[in-house]
Enquirer: 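Below is one structure. I have some questions about it.
In what follows, chains carry the letters A, B, and so on, assigned in the order in which the sequence lines appear, proteins first and then strands, with residues in each chain numbered from 1.
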Protein chains: 2
Amino acid sequence: MTDVAARAKVSLKTVSRVVNGEPGVAAATIETVEKAVAELGYRADLQARGLRRGDRRSQSVGLIVSAIANPFDAEIHGAVEAFAGERDIVVLGLSSGGDPDIELRRATSLFERQIDGLIISCAGPDQQPLIDLAEKRPVVFIDREPSVPLGDAVVTDNQMGAVRATRHLVTAGHRRIALLADDQRIQTARLRCEGFLAAMDEFGIGPDAELIRCDLLNEEMAHAATHELLSSPNPPTAIFAAQNALTIGALRAIHQLGLEGRVGLVSFDDIPHGDMFPVGLTAITQDPTRIGQVAIERLLGRIDGSITTPPERIVVPTGFVVRGSGEIPPPNGE
Amino acid sequence: MTDVAARAKVSLKTVSRVVNGEPGVAAATIETVEKAVAELGYRADLQARGLRRGDRRSQSVGLIVSAIANPFDAEIHGAVEAFAGERDIVVLGLSSGGDPDIELRRATSLFERQIDGLIISCAGPDQQPLIDLAEKRPVVFIDREPSVPLGDAVVTDNQMGAVRATRHLVTAGHRRIALLADDQRIQTARLRCEGFLAAMDEFGIGPDAELIRCDLLNEEMAHAATHELLSSPNPPTAIFAAQNALTIGALRAIHQLGLEGRVGLVSFDDIPHGDMFPVGLTAITQDPTRIGQVAIERLLGRIDGSITTPPERIVVPTGFVVRGSGEIPPPNGE
DNA sequence: GTGAAAGCGCTAACAC
DNA sequence: GTGTTAGCGCTTTCAC
């Protein structure tokens, strides 16, 4: 910038004014400076600019999810990036792997880089350390909401989604419905269980410990559980898989046992090309794009001060796609 | 930091030394300073640090792909982030949408933020402007290689992958094989076409303009083309879909016409759960994780100066999964 | 072993 | 309209 000033024979500050489009510079001067900028191939240094600016804004935000490469998180990232990109704000996207320690380290790394705000799908049970790190900078929680309202939260309606799925199966005639659920330390997993139980209860169907399989951590465990359930003397006539990896496991077990089209199945969260399976997958769908979009809008609003209301909980409704697997009736006589 | 110095009753520089783990500080002093750091909740400002440091490193790298949310790009991003994260380097991931202008604007935005290097899947035909922006900082090209060797390139073996796919179909007995190919302005699409034609030629099968459908931009166009091909009086007995969106389109058309299991199909690039379709999908697979990993290793090597050899072209081989659709023989009498 | 002074690239505040 | 001075938070250089 000093070079540009020398070349254009003006002061540093004038160059600064031109580069930042500040008013009060003569048209002729602007031209001279711009010529010098072009000739020298000058590029602004946003890092240095941020250092001196009153607001200390870096025009960057952080995003921490469990695994940035998985489709759900990637779609959120895409939506956040698209919206932020319009305002020339960049996104630093990191994965926590679901580990609270890594999560905190990554967050530290981001705040040290002076991000203006953070969107996070929190792995840890306690969000206070995170807020301390943030030092007044806004944090928007996605997917899982904090125990205390430390920031806005944008979440899927997990409970209602599970209720809808369960009702759908009961309405198709099922009463012996198995539940495949994720790690119960995860809030969303618990909410989906609760929704299932509540919906069953609406129809006067009490919980059957035999049919409830919680803490299934991955596809393999879901596969094994489904296999066992369907091979038992008194198998369920339908399954509610409360997470998509578990759905895959269940589908494989059903396929392996040759029971396609004979066991009802509704999945929480869709899987890609779920319509192209031998029996189309009926699923509760989430809307990660919308989650990302709402989260970044909220965050930018907090950053620029246009939103000053107390932290809110914003619920993004689920969708429902009917494709066959959820409409299979129970066998006769059940 | 000034506050910490005051609190620990030492000079600024001593605090700096302790924070950066520089040698030559008395153990007792270190302790005093660390106590003050903890009490004040002091956090380093990496932005300011980078400003004064001799090397001007920001410990961040950029990644520009076509759409960070799509599975292929997301997996690359995941691999890059994982590897960079180990060294506490953050990744700024942006999408270009395949538009050369946006690409250049995003790149400018990244370099202004002082990234140490860039990994890019280039949309534009000319990479020189990008290199000018980089101002000596290393750039690693992925997926598509630059016309002139302006930086390392990490690419899939597109041609050989297409050759393998085609040979597989011919070996299964097919001679009338249709080609569904992407926008021919894209280098990778062209290479796959060339591979197809070369492999056909190996078996003495000349190109049949009827069966070659290029410039299919999306699933819908592939669907329409496949539908038309298979409904024609003299339909192909097999299809090579040179991109996964095109594969989906072809699968839908095959399904719609009730021709499942009667038309050979090999896909370039796998699609999620390709094993769970009525007829498993036989596919040439790419390895985006490996591409990302090789690219970031290369980039970090260039940044820290451990790699000083001329730009190289690194080819990541394709895989091949056989699941049924590619092993369907042609109907009798063909 | 520790500290004082200078300065990275830029902008705020105020002069002229 | 434009320039001058100071200083963001930190590291460098060099002195003690």
Enquirer: Using the closest heavy atom to pick a nucleotide of DNA chain C for each, name whichever of Leu46(A) or Ile30(B) lands nearer the 5' end.
Expert: Ile30(B)
Enquirer: Give a yes/no answer on whether the side chain of Ser16(B) brings an N or O atom under 4.0 Å of OP1 or OP2 in dT11(D).
Expert: yes
Enquirer: Starting at atom NZ of Lys9(B), determine the distance to atom P of dG3(C), rounded to an integer number of angstrom.
Expert: 13 Å
Enquirer: To the nearest angstrom, how far is Asn20(A) atom CG from dG9(C) atom P?
Expert: 17 Å
Enquirer: Distance check needed: dG3(D) P versus Arg17(A) CZ, whole Å only.
Expert: 8 Å
Enquirer: Closer than 3.5 angstrom, by distance alone: can the side chain of Thr32(A) be matched with the main-chain N or O of Ala28(A) as a donor-acceptor pair?
Expert: yes
Enquirer: Return no unless some side-chain N or O of Thr14(B) is found under 4.0 Å from OP1 or OP2 of dG1(C).
Expert: no
Enquirer: Looking at dG9(C), I'd like to know if its phosphate oxygens (OP1 or OP2) sit under 4.0 Å from a side-chain N or O belonging to Thr2(A).
Expert: no
Enquirer: Out of dG1(D), dC10(D), dT2(C), which has the shortest distance to the side chain of Tyr42(B)?
Expert: dC10(D)
Enquirer: So which heavy atom on Asp99(B) is nearest to which on Ala123(B), and how close?
Expert: N-CB, 4.1 Å
Enquirer: Roughly how far, to the nearest 0.5 Å, is the CD atom of Glu75(B) from the CD atom of Gln293(B)?
Expert: 11.0 Å
Enquirer: Expressed in angstrom and rounded to an integer, what is the separation of Gln47(B) atom CD from dT11(C) atom C1'?
Expert: 14 Å
Enquirer: Which heavy atom of Ser58(A) sits nearest to which heavy atom of Gln47(B), and what is that distance?
Expert: CB-NE2, 4.0 Å
Enquirer: Please report the shortest heavy-atom distance between Arg57(A) and Asp116(A), naming the atom on each side.
Expert: CA-OD1, 3.4 Å
Enquirer: Which whole-number value in Å describes the distance from Asp3(A) CG to dC8(C) C1'?
Expert: 14 Å
Enquirer: How many Å lie between CZ on Arg57(A) and C1' on dT11(C), as a whole number?
Expert: 16 Å
Enquirer: Show the distances under 3.5 angstrom between N or O atoms of the protein and N or O atoms of nucleotides 5-8 of chain D.
Expert:
unit_1: dG7(D); atom_1: N2; unit_2: Arg52(A); atom_2: NE; d: 2.6
unit_1: dG7(D); atom_1: N3; unit_2: Arg52(A); atom_2: NE; d: 2.9
unit_1: dC8(D); atom_1: O2; unit_2: Arg52(A); atom_2: N; d: 3.4

Enquirer: Could you report the tightest heavy-atom contact between Ile68(A) and Leu94(A), atom names first, then the distance?
Expert: CD1-N, 4.5 Å
Enquirer: Tell me the interatomic distance from Arg49(A), atom CZ, to dG9(D), atom P, rounded to whole angstroms.
Expert: 18 Å
Enquirer: Would you tell me if any nitrogen or oxygen in the side chain of Ser11(B) comes within less than 4.0 Å of OP1 or OP2 on dT2(C)?
Expert: no
Enquirer: Tell me: CD of Glu22(B) to C1' of dT2(C), nearest whole Å?
Expert: 12 Å
Enquirer: When all nucleic acid strands are considered with a 4.0 Å heavy-atom cut-off, which category describes Val19(B): base, sugar-phosphate, or nothing?
Expert: nothing
Enquirer: Could you tell me which non-hydrogen atom of Val315(B) sits nearest to which non-hydrogen atom of Thr156(B), and how far apart they are?
Expert: CG1-C, 4.5 Å
